[in-house]
Q: 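Here it is, the structure in full.
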Amino acid sequence: MKYRSAFDIIGPVMVGPSSSHTAGAARIGRVARTLFGKQPNKAIISLYGSFAKTYRGHGTDVAVVGGILDFDTDDERIPSSLTIAREAGMEVTFTIEDTVMDHPNTVKIRLFDEDKELELVGISIGGGTIEITELNTFKLKLSGENPAILVVHNDVFGIISSVSTVLANHEINIGHMEVSRKEKGQMALMVIEVDQKIKLEIMKELEELENVSQVIKMVD
Amino acid sequence: MFRNVAELVELAESKNVKIAEIMILQEMEFSGLSREQIIEKMDRNLTVMEQAVERGLKGVQSVTGLTGGDAVLLQNYMKTGKALAGNLLLDAVSKAVATNEVNAAMGMICATPTAGSAGVVPGTLFAVKEKLNPTRAEMIEFLFTSAAFGFVVANNASISGAAGGCQAEVGSASGMAAAAIVELAGGTPSQAAEAMAITLKNMLGLVCDPVAGLVEVPCVKRNAMGASNAITAADMALAGITSRIPCDEVIDAMYKIGLTMPSALRETAEGGLAATPTGRRLAKEIFGSYKQ
């Protein structure tokens, strides 16, 4: 089941005009911002498929940038996000791509500042619901059918065991898990699909583990 | 947990409760929130819908100038007493238009199930409200019933214009509204399903061809037609008329049509009305050299 809540259907409350092209796009931008951890000073946004064809009319451009500015779907500053970004010293570039992607509403977001960069690919599947399909060139094979979290961590021994122990202590069953790293000993990612909804306190407990830098809900 | 309309109807009938109740119970189980919290959340969505209709009925204009003010025209026309259709129908149409005009103007709306189709559910709800005088709680139930049917479409087919055409957006919204109207008017769960089937059947094949890629032309008027379609189908179902093709099979047919639709007719602004000489001229006027 891709849609799990009544509020995926009746909702979100949002600034128009399109739930997939505006609200969904803003949500993908916001996930990128959350993963980046702060406001970047440069963003390169590549639009594919229907996003590429209709982005101006649907406000996809202002929505993605609004998300990167950490605005929620119902933030009335979304229509003026390009100006707000410029005033905040964030350089924004759009590229329109011809490549045919698996999903018609696909966006690739690259965020930069002096010391780091992040690349994320997201799709907007309709009604404001999104999926993140790629992070730092690492493909995320999320079915979207189960709650999922992403754990950003240092590549050290024992970390997988610490994370799974926390989940086990809370009687959370792992359905699917992937671990990936860029280079040995560098930043690594765990994508964990679970059977139960993950409460805020579990997220906090995971975040407090040594060598874990971030825990993010991918699918609620 | 229901996976399709047949299971949804079966659950409601076996428990002898409304469809809305099944959706509320499922939401409680899924979210872990209390009934009160869930009702309160939907109450907020209802308030956003009311405010959007109110704003649209005062008259709004989109930035491009392509849409706006039609809800006001229709309300004024109704007051002349010359309208051929009944006032309830035109009220629903004008309130659907009001919502989508606010949406096109980048105003605040509640997606039902999407923003492009946000007018149908509130438009019909606020129009039938005048006749059926529902309580606030019943109006909130209307939204949960809509959600239950939309939930089935979203999970088994699609509610996205880019994936399935306008039949998936306004088509779904209209079916959801028709089912909820039936329930609010005192119909049975299976009558609600018949209304959904009848509505969606008549919106099959509807393409998504937004002029200049905007959510304006023909989206606003499609919501108007979706609202009238929903009311007609609700009345048919309440009259005892059934769909020869079961609701779940209609949803499946809609999905298959969406998959075989060329991408030019799925929210790319490359076909249909968007590709007419006037559609192209408008796109050029609005975006000039910016447009790809």
Side-chain angles (χ1 to χ4, degrees), chain A residues 1-24 47 49-63 73-76 78-80 94 96 98 100 103-106 123-129 144-145 147 196-199 220, chain B residues 1 3 23-24 26-27 30-32 38 41-42 44-45 48 62 102-116 118 121 143-144 146-148 150-151 154-155 158-164 168-169 176 210 212-216 219 263 266-270 286-287 290-292:
Chain A
M1 292 270 180
K2 291 190 168 191
Y3 296 80
R4 304 174 61 83
S5 165
F7 298 101
D8 291 340
I9 307 299
I10 308 296
V13 169
M14 55 169 284
V15 170
S18 165
S19 48
S20 55
H21 290 60
T22 317
L47 301 165
S50 174
F51 270 1
K53 302 287 183 194
T54 67
Y55 73 102
R56 282 185 188 277
H58 284 74
T60 307
D61 46 357
V62 292
T73 55
D74 62 350
D75 197 310
E76 296 192 77
I78 284 178
S80 30
F94 286 95
I96 306 308
D98 290 331
V100 177
H103 194 278
N105 295 330
T106 302
I123 59 172
S124 180
I125 64 170
T129 300
E145 290 181 8
Q196 296 86 353
K197 200 175 160 69
I198 299 203
K199 293 196 177 112
D220 206 350
Chain B
M1 173 72 101
R3 285 167 301 180
M23 189 74 246
I24 293 168
Q26 181 168 304
E27 188 67 24
F30 157 74
S31 66
I38 290 166
K41 225 170 142 180
M42 197 59 98
R44 278 203 298 273
N45 286 355
V48 170
S62 67
V102 168
N103 182 58
M106 290 195 91
M108 194 77 71
I109 54 99
C110 178
T112 53
T114 70
V121 170
L143 299 181
F144 279 108
S146 300
F151 185 84
N155 282 312
S158 177
I159 52 168
S160 146
E169 279 205 55
M176 287 157 57
L214 300 158
V215 192
E216 300 202 44
C219 319
S263 82
R266 282 187 286 133
E267 210 171 349
T268 52
E270 289 181 330
I286 292 162
F287 293 113
Y290 288 126
K291 190 69 187 168
Q292 298 303 304

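Every chain is numbered from 1, with letters handed out A, B, ... down the list of sequences. Given the structure is predicted, the values throughout are model-derived calculations rather than measurements.
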Q: Below 4.5 Å from any heavy atom of chain A, which atoms of B/Phe144 appear? Answer side chain, backbone, both or neither.
A: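 Side chain only.
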
Q: In terms of heavy-atom pairs under 4.5 Å, which option from B/Met1, B/Met23, B/Gln26, B/Met42 contacts chain A the most?
A: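 Counting heavy-atom pairs under 4.5 Å, the top option is B/Met42.
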
Q: Using side-chain heavy atoms (C-beta onward) and a distance below 4.5 Å, is B/Glu216 in contact with A/Pro17?
A: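 No, too far: nothing below the 4.5 Å cut-off.
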
Q: Count the heavy-atom pairs under 4.5 Å between each of A/Pro12, A/Ser18, A/Gly24, A/Gly11 and chain B, then report the option with the highest count.
A: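 That would be A/Gly11.
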
Q: Using non-hydrogen atoms only, which part of B/Ile159 is less than 4.5 Å away from chain A: side chain, backbone, both, or neither?
A: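 Contact with chain A is through the side chain of B/Ile159 alone.
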
Q: Does the side chain of B/Met106 reach to within under 4.5 Å of the side chain of A/Val62, using non-hydrogen atoms?
A: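 Counting from C-beta outward, B/Met106 and A/Val62 do come under 4.5 Å.
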
Q: To the nearest 0.5 Å, what is the distance between OG on B/Ser158 and NZ on A/Lys2?
A: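 If I round to the nearest 0.5 Å, the distance is 8.5 Å.
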
Q: Below 4.5 Å from any heavy atom of chain B, which atoms of A/Asp74 appear? Answer side chain, backbone, both or neither.
A: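 The answer is both parts of A/Asp74.
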
Q: Please find the pair of heavy atoms, one from B/Phe30 and one from A/Lys197, that lie closest to each other, and give the distance.
A: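 Closest approach of B/Phe30 to A/Lys197, heavy atoms only: O-CD, 3.5 Å.
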
Q: What part of B/Ile38 gets closer than 4.5 Å to chain A, counting heavy atoms only: side chain, backbone, both or neither?
A: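 Both backbone and side chain.
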
Q: Can you find a heavy atom in the side chain of A/Ile9 that is under 4.5 Å from one in the side chain of B/Thr112?
A: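 Result no, sub-4.5 Å side-chain heavy-atom pair not found.
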
Q: Output all residues satisfying side-chain hydrogen bond (donor to acceptor under 3.5 Å, both in side chains) with B/Thr114, sequence neighbours left out; order by chain, then residue number.
A: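 For B/Thr114 the side-chain hydrogen bond (donor to acceptor under 3.5 Å, both in side chains) partners, ignoring immediate neighbours, are B/Ser117, B/Glu169.
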
Q: Pick one of side chain, backbone, both or neither for A/Pro79, based on which atoms fall under 4.5 Å of a heavy atom in chain B.
A: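 Contact with chain B involves both backbone and side-chain atoms of A/Pro79.
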
Q: Measuring from atom CG of B/Asn155 to atom CG of A/Asp8, what distance do you get when rounded to the nearest 0.5 angstrom?
A: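 It comes to 8.5 Å.
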
Q: I'd like to verify something: which residue of A/Gly127, A/Ala6, A/Gly126 has the highest number of heavy-atom pairs under 4.5 Å with chain B?
A: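 The answer is A/Ala6.
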
Q: To the nearest 0.5 Å, how far apart are CD1 in B/Ile286 and CZ in A/Arg56?
A: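 Answer rounded to 0.5 Å: 12.5 Å.
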
Q: Could you check which of B/Ser146, B/Ala154, B/Ala148 has the highest count of heavy-atom pairs closer than 4.5 Å to chain A?
A: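 Of the options given, most contacts go to B/Ala154.
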
Q: Is it the case that the side chain of A/His58 and the backbone of B/Leu214 share a donor-acceptor pair, with hydrogens and angles ignored and the cut-off at 3.5 Å?
A: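 It does not hold such a pair.
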
Q: Could you tell me which non-hydrogen atom of A/Gly57 sits nearest to which non-hydrogen atom of B/Phe287, and how far apart they are?
A: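 What the structure gives for the nearest pair is N-CZ, 3.7 Å.
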
Q: Select one option (side chain, backbone, both, neither) describing which atoms of B/Glu267 are under 4.5 Å from chain A's heavy atoms.
A: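 When you check distances to chain A, atoms from both the backbone and side chain of B/Glu267 fall under 4.5 Å.
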
Q: With side-chain contact (heavy atoms from CB on, under 4.5 Å) as the criterion, how do A/Ser5 and B/Glu27 come out once you've worked through the C-alpha distance, each side chain's angles and the decisive distance to 0.1 Å?
A: CA-CA 6 Å; A/Ser5 165; B/Glu27 188 67 24; 2.7 Å; yes

Q: Side-chain contact, heavy-atom cut-off 4.5 Å: B/Pro113 with A/Ile10?
A: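 Side chain of B/Pro113 against side chain of A/Ile10, heavy atoms only: no contact under 4.5 Å found.
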
Q: Out of B/Cys219, B/Gly107, B/Ala104, B/Ala163, which one racks up the most heavy-atom pairs below 4.5 Å with chain A?
A: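 Among B/Cys219, B/Gly107, B/Ala104, B/Ala163, the one with the most close pairs to chain A is B/Gly107.
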
Q: Is there a side-chain contact between A/Met14 and B/Met108 (heavy atoms, below 4.5 Å)?
A: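 Contact flag for A/Met14/B/Met108 side chains = no.
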
Q: Is there a donor-acceptor contact under 3.5 Å from the side chain of A/Ser19 to the main chain of B/Ala115?
A: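 It does hold such a pair.
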
Q: For chain A, which of B/Ser160, B/Ala118, B/Ala168, B/Ala147 has the most heavy-atom pairs under 4.5 Å?
A: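 Option with the top pair count is B/Ala147.
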
Q: Measuring from B/Cys110:SG to A/Phe7:CZ, what's the distance to the nearest 0.5 Å?
A: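 Going from SG on B/Cys110 over to CZ on A/Phe7, the span is 9.0 Å.
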
